[in-house]
Undergrad: 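Before I ask anything, here is the structure I am working with.
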Amino acid sequence: MRIRLFLYLLCVVALAPVHASAQQKQASPTTTITILQLNDVYQVSPVDRGKRGGIARVGTLQKKIRAQSPNTLFLLSGDFISPSVASRLFKGKQMIAALNAAGLDIATLGNHEFDFGPDVLRQRMEESRFAYTIANVFDKLTGKPFGGASQYIIRELGGVRVAIFGLLLAETASVSAPGPAVRFDDPIAVGKRLSRELRRQGADIIIALTHLPMRDDKRLAAEADLDLIVGGHEHELLESFAGRTLIMKMGSDARNLGRIDLNVARVASRAGKARSRVSRARFKLQSADFEAIPVTDAVADDPEVAAIVGEYEKQLNATLGEVIGKTSVALDARASVIRFGESNLGNFLADVYKQAVGADCALVNSGGIRSDTTYGPGDLTKKDILSILPFENTLVKAQLTGAHIKRLLEHGVSVAGQEDGRFPQVSGFAFTYDAGRPVGSRVTSIELGGKAIDPEKSYTIAVNAYLLGGGDGYDFKGVSVLVKPEEGPVEPDVVMEAIKKMGTISPQVEGRIKSAQTNRTSMFRPLRSRTRQFTERAGSAYL
């Protein structure tokens, strides 16, 4: 009996630390912070013939999720005021009204927010019931973040201090119309500095709300102290990791609503150490669950949002509902097609531009072809064409050498395989490129009129005024401008006139652009619903 009692007491003493540890774990439950995400939303109404997207459907989903997860933040990663056919008429007022009703919490700026100039953007920001954060865009006169936005925002959810700051690509200064009084700082340097400052202030979770290319998001994740990047700019569904940071992008036009559940646990206090003057984080990210929720026609509209959207759609259809012609084939304006290769719609537009100014050839930047959907077969309306071409650029005609044309095409395929608006759609010539070769020497052949292009010979080319002025990085310095921007016709006007004249159009992919190899890089992975576990190693989370 004495031996048994001794062994029993020995077991109790031995198991005491385990029991205490279990009690400690039960006393520190995990808190879940839910992040909802949209980016690059240009349409308030559903897209893809009504099957996907729609801010009224998003309004329904976010209410349902908030009811399940009260510690929720709804974020938007820029590009929503422009471009679209509706924004052509309403200057983005329709987007602000719909997003207000849909329960958006915080947005950052995208490059297209400046399309109508800084004064219009300030008006839209004043109309917003949601908050703005931008850490690298400043008013030069005041030195403060543009439009009264906050450099960063801290929200406490379930006792967890969540810091959010916005970052925008600095190229916005040249690709949009912010004006001379707006300053753009390097987003990577700003994010690196600010993330560390926020961590020193005691932020538990730090989120960068970015409108940057994925390559820059990865640099930011590698250099800054971040838990999550809620990103935009690309129009595809993307997910990546850099270091310990999850990077998410939800495509475009609210086809998907991102849901990211951040599971955080309280940090155990470290007894025996002197208290630091620097505030320390009280919680640490343990795991993340994430998914892209399809926004489909199976989701009912939120009544309040639907009423707002319906009023704007009524005004739009009354103005632009006229049928101007037909297409016997599906016209492909999807970014996943036109920014990676030849498109039948790109061919049609380039042909129309070439003919409109009487040029030998034409080059269209894919970023100027919007809407990210297909049209037809069937009727084409004014609304369709203005959805595809909302910028209303004028066309120009320039004279340049064959060598200069090659330089333009080299620039167009310099980031081939990544989603980028510089990718060219062409008319009058055909070319082959090899994305495996160094940038600047990728174009291996160019034929114009069935003959190899002559580097010394002069040719005429049709482009829009945006490209002539250096848009999307194209260099037209030294060319002779034969039809000036103030003299040229407007893009959507010449396209509508061509469709009316033809009655029915049937453009095809003809092999104008050929790739010597599969050129689409694997810089990201398709998004799946999944969990990522964060573990402890040497006192810091790692993946």
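The chain is numbered in sequence order, starting from 1.
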Undergrad: For Y312 and F90, what are the C-alpha separation, side-chain angles and deciding distance, and is it a side-chain contact (heavy atoms from CB on, under 4.5 Å)?
TA: CA-CA 9 Å; Y312 280 104; F90 307 123; 3.7 Å; yes
Undergrad: Say you draw a straight line from CG of L257 to CD1 of I65; how long is it, rounded to the nearest 0.5 Å?
TA: 5.0 Å
Undergrad: Side-chain donor-acceptor pair under 3.5 Å between D332 and N344, yes or no?
TA: no
Undergrad: Run the numbers on L395 and V463 for side-chain contact (heavy atoms from CB on, under 4.5 Å), then give the verdict.
TA: CA-CA 6 Å; L395 296 177; V463 295; over 6 Å; no
Undergrad: Under 3.5 Å, is there a donor on one side chain and an acceptor on the other for E171 and N111?
TA: no
Undergrad: Do the numbers put R422 on top of the ring of Y474, so that NZ or CZ is under 6.0 Å from the six-membered ring centre and no more than 45° off the axis?
TA: no
Undergrad: Kindly give the heavy-atom pair with the smallest separation between A292 and M250, and that separation in Å.
TA: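 So the minimum-distance heavy-atom pair works out to CB-SD, 3.9 Å.
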Undergrad: Quick test of your reading of the model: are D217 and R215 salt-bridged, counting only N-O distances below 4.0 Å?
TA: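 So D217 does not pair with R215 through a salt bridge.
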Undergrad: Short question: side chain of E223, backbone of L220 - any donor-acceptor pair under 3.5 Å?
TA: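 Between the backbone of L220 and the side chain of E223 there is no qualifying donor-acceptor contact (under 3.5 Å).
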Undergrad: If you round to the nearest 0.5 Å, how far is OH of Y132 from CZ of R124?
TA: 9.5 Å
Undergrad: Can you spot which of T245, I35, L75 makes a side chain to side chain contact (heavy atoms under 4.5 Å, CB included) with L228?
TA: I35
Undergrad: Could you tell me which non-hydrogen atom of V352 sits nearest to which non-hydrogen atom of A498, and how far apart they are?
TA: CG2-CB, 3.9 Å
Undergrad: With a 4.5 Å heavy-atom cut-off, do I513 and V426 have their side chains touching?
TA: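 A side-chain contact exists here, since the closest heavy-atom pair is under 4.5 Å.
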Undergrad: Please check if atom OH in Y152 has more than 12 non-hydrogen atoms from other residues, nucleotides or ligands closer than 6.0 Å.
TA: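 Not buried by this count: 12 neighbours or fewer within 6.0 Å.
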Undergrad: Is R339 reaching over with its side chain to a backbone N or O of A416, donor-acceptor style, under 3.5 angstrom?
TA: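 Here the side-chain-to-backbone pair does not exist.
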Undergrad: Indicate the ring-plane relationship of F114 and F184, choosing parallel, tilted or perpendicular according to the 30° and 60° boundaries.
TA: perpendicular
Undergrad: Under 3.5 Å, side chain of Q37 to main-chain N/O of M248, donor-acceptor pair present?
TA: yes
Undergrad: Are D475 and R407 within salt-bridge range, i.e. N to O under 4.0 Å?
TA: no
Undergrad: Check A163 against I154 and note the closest heavy-atom contact, atom names and distance.
TA: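 Here A163 and I154 meet closest at CB-CG1, 4.0 Å.
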Undergrad: Look at the side chain of T394 and the backbone N and O of E486, then say whether any donor-acceptor pair between them is shorter than 3.5 Å.
TA: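 Judged by distance alone, no pair lies under 3.5 Å.
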Undergrad: Would you check, one step at a time, whether the test side-chain hydrogen bond (donor to acceptor under 3.5 Å, both in side chains) holds for D302 with T60?
TA: CA-CA 5 Å; D302 176 84; T60 297; 4.8 Å; no
Undergrad: Answer yes or no: is there a side-chain heavy-atom contact under 4.5 Å between Y466 and V175?
TA: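 Answer yes - side chains close enough.
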Undergrad: Any side-chain to backbone donor/acceptor pair from T296 onto A298? Under 3.5 Å, distance only.
TA: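 The answer is yes, because a donor-acceptor pair under 3.5 Å joins these two groups.
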Undergrad: Measuring from L246:CG to S240:OG, what's the distance to the nearest 0.5 Å?
TA: 8.5 Å
Undergrad: Answer yes if the side chains of N136 and R183 hold a donor-acceptor pair under 3.5 Å, and no otherwise.
TA: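 Checked: N136/R183 side chains show no N/O donor-acceptor pair below 3.5 Å.
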Undergrad: Do the non-hydrogen side-chain atoms of K382 and I324 ever get within less than 4.5 Å of each other?
TA: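 Yes, their side chains come closer than 4.5 Å.
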Undergrad: Taking the side chain as every heavy atom from C-beta outward, state whether L36 and R259 have any pair of such atoms under 4.5 Å apart.
TA: yes
Undergrad: Which distance, rounded to the nearest 0.5 Å, do you find between the CD1 of I164 and the CG of D105?
TA: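 Result: 9.0 Å between the selected atoms.
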Undergrad: So does R52 pair up with D297, basic N to acidic O under 4.0 Å?
TA: no
Undergrad: Do T373 and D48 have a side chain donor and acceptor closer than 3.5 Å?
TA: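 Yes, a side-chain donor-acceptor pair sits under 3.5 Å.
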Undergrad: For F348 and V495, work out which heavy atoms get closest and say how close.
TA: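 Closest pair (atom of F348, atom of V495, distance): CE2-CG1, 4.1 Å.
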Undergrad: Ring pair (Phe, Tyr, Trp, His ring centres under 6.0 Å) for F80 and H211? Distances and angles first, verdict last.
TA: CA-CA 12 Å; F80 52 97; H211 198 83; 9.4 Å; no
Undergrad: Could you tell me which non-hydrogen atom of Y353 sits nearest to which non-hydrogen atom of A362, and how far apart they are?
TA: CB-CB, 4.5 Å
Undergrad: Quick check against the 3.5 Å criterion: does R199 have a side-chain atom that pairs as donor or acceptor with the backbone of D204?
TA: yes
Undergrad: Salt bridge between D139 and R122, side-chain N to carboxylate O under 4.0 Å?
TA: yes
Undergrad: At their closest point, which heavy atom of S84 faces which heavy atom of Y42, and how far apart are they?
TA: CB-O, 3.3 Å
Undergrad: Donor-acceptor check, side chain of S176 to backbone of D115, threshold 3.5 angstrom: yes or no?
TA: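 Side chain of S176 to backbone of D115: a pair is present.
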Undergrad: In Å and rounded to the nearest 0.5 Å, what is the CG to CD1 distance from D384 to I388?
TA: 6.5 Å
Undergrad: Between K93 and E127, is the closest basic N to carboxylate O distance under 4.0 Å?
TA: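 Judged by the 4.0 Å cut-off on N to carboxylate O distance, E127 and K93 do form a salt bridge.
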Undergrad: Could you tell me whether the side chain of Q425 and the main chain of I338 form a donor-acceptor pair under 3.5 Å?
TA: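 Present.
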Undergrad: Tell me, do F165 and I206 make a side-chain contact under 4.5 Å, heavy atoms counted?
TA: yes
Undergrad: Say whether E313 and S45, considering side chains only, have a donor N or O and an acceptor N or O under 3.5 Å apart.
TA: yes
Undergrad: Is it the case that the side chain of R129 and the backbone of N100 share a donor-acceptor pair, with hydrogens and angles ignored and the cut-off at 3.5 Å?
TA: yes
Undergrad: Decide side-chain contact (heavy atoms from CB on, under 4.5 Å) for L320 and V85; before the verdict, give the C-alpha distance in whole Å, the side-chain angles of both, and the deciding distance to 0.1 Å.
TA: CA-CA 9 Å; L320 302 173; V85 62; 3.4 Å; yes
Undergrad: Ion pair present between K192 and D186, side-chain N to carboxylate O less than 4.0 angstrom?
TA: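 No, K192 and D186 are not salt-bridged.
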Undergrad: Measure the shortest side-chain to side-chain distance between I247 and E239 over non-hydrogen atoms and say whether it is less than 4.5 angstrom.
TA: no
Undergrad: Establish, from distance only, whether the side-chain atoms of D261 and T34 form a donor-acceptor pair under 3.5 Å.
TA: yes
Undergrad: Run N39 and S77 through side-chain hydrogen bond (donor to acceptor under 3.5 Å, both in side chains) and show every step you take.
TA: CA-CA 5 Å; N39 58 271; S77 302; 5.3 Å; no
Undergrad: Any chance you could measure L168, atom CG, to H233, atom NE2, to the nearest 0.5 Å?
TA: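 Here the interatomic distance stands at 9.0 Å.
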Undergrad: Are the ring centres of F391 and H112 closer than 6.0 Å?
TA: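 Centroid distance F391-H112: below 6.0 Å, so yes.
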Undergrad: Is a donor from one side chain sitting under 3.5 angstrom from an acceptor on the other, for R255 and S252?
TA: yes
Undergrad: Just by distance, with hydrogens left out, do S87 and Q94 show a side-chain donor and acceptor under 3.5 Å apart?
TA: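 Yes, side-chain donor-acceptor contact under 3.5 Å.
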Undergrad: Closer than 3.5 angstrom, by distance alone: can the side chain of E113 be matched with the main-chain N or O of G110 as a donor-acceptor pair?
TA: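 Such a contact is found between E113 side chain and G110 backbone.
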Undergrad: Begin from the C-alpha positions of R49 and T374 and carry the test side-chain hydrogen bond (donor to acceptor under 3.5 Å, both in side chains) through to its verdict.
TA: CA-CA 9 Å; R49 296 181 175 84; T374 60; 3.2 Å; yes
Undergrad: Salt-bridged, R200 to D225, with N to O below 4.0 Å?
TA: no
Undergrad: Of E234, H235, E236, which meets side chain to side chain donor-acceptor pair (under 3.5 Å) against K249?
TA: E234
Undergrad: Would N317 and K383 count as having a side-chain donor-acceptor pair, cut-off 3.5 Å?
TA: yes
Undergrad: Counting only heavy atoms not in K144, do more than 12 fall under 6.0 Å of its NZ?
TA: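 No, because the 6.0 Å sphere around NZ of K144 holds 12 heavy atoms or fewer from other groups.
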